[in-house]
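This report concerns only the one structure given below.
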Amino acid sequence: MNIFVANLNFKVQEEDLRETFETYGEVDSARIITDRNTGRSKGFGFVEMPNSDDASRAIEELNDREMEGRNLVVKVAEERTEQRRFTNRRPQY
DNA sequence: CCTGAGCGT
């Protein structure tokens, strides 16, 4: 199950996110979205949990929960538009 | 070092 998590403190990293969600069950992957150009955190990310039951509990429990001084926003993620592949050439603007 | 709506290379 794909989980969207936002309102993250910028200093929170993927492993912190993973640990937080592992409290409620197995975490397949945790990803923090970082700015392509600066590499800094965008303040939100995605967590994939194999067990949808654990995922639902995690969403209920972690949504609006405080983490590093910020209140987390945890929702079920929308389907990703399309599986895009790496493109070495990016229009820099 | 710094910021704060939203859905990913």
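Quick caveat: nothing in here was measured; it's all calculated off a predicted structure. Side chains are part of it too, since the values below use all heavy atoms of this structure and drop only hydrogens, waters and symmetry mates.
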Salt-bridge criterion met for A:Lys11 and A:Glu68 (N-O under 4.0 Å): yes
Inspect the surroundings of CD in A:Gln13 and state if more than 12 heavy atoms from other residues, nucleotides or ligands are less than 6.0 Å away. yes
For A:Val76, report the nucleic acid contact type (base, sugar-phosphate, nothing); a contact means any heavy atom under 4.0 Å. base
Between atom CD1 in A:Ile32 and atom C1' in B:dC7, what is the gap in whole Å? 13 Å
Rounded to the nearest angstrom, tell me the gap between atom CD in A:Glu78 and atom P in B:dC7. 6 Å
Residue pair A:Leu72, A:Leu8: steps toward the side chain to side chain contact (heavy atoms under 4.5 Å, CB included) verdict: CA-CA 6 Å; A:Leu72 296 180; A:Leu8 290 167; 3.5 Å; yes
Atom pairs under 3.5 Å: protein N/O with N/O of nucleotides 3-6 of chain B:
{"residue": "B:dG4", "atom": "O6", "partner": "A:Leu8", "partner atom": "O", "Å": "3.4"}
{"residue": "B:dG4", "atom": "N1", "partner": "A:Leu8", "partner atom": "O", "Å": "2.4"}
{"residue": "B:dG4", "atom": "N2", "partner": "A:Leu8", "partner atom": "O", "Å": "3.2"}
{"residue": "B:dG4", "atom": "N2", "partner": "A:Gly43", "partner atom": "O", "Å": "2.9"}
{"residue": "B:dG6", "atom": "O6", "partner": "A:Asn7", "partner atom": "N", "Å": "2.5"}
{"residue": "B:dG6", "atom": "N2", "partner": "A:Lys42", "partner atom": "O", "Å": "2.9"}

Would you say the side chain of A:Arg31 and the base of B:dT9 hold a donor-acceptor pair, judged only by whether the two atoms sit under 3.5 Å apart? no
Apply side chain to side chain contact (heavy atoms under 4.5 Å, CB included) to the pair A:Met49 and A:Glu26, showing each step before the final yes or no. CA-CA 6 Å; A:Met49 294 183 77; A:Glu26 184 182 350; 6.0 Å; no
For A:Val73 and A:Val5, what are the C-alpha separation, side-chain angles and deciding distance, and is it a side chain to side chain contact (heavy atoms under 4.5 Å, CB included)? CA-CA 5 Å; A:Val73 175; A:Val5 42; over 6 Å; no
Rounded to the nearest 0.5 Å, the CG atom of A:Asp53 sits from the CE atom of A:Met1 at a distance of 10.0 Å
Let's see if you can work this out: which of B:dT9, B:dG8, B:dC7 has an atom nearest to the side-chain heavy atoms of A:Arg36? B:dT9
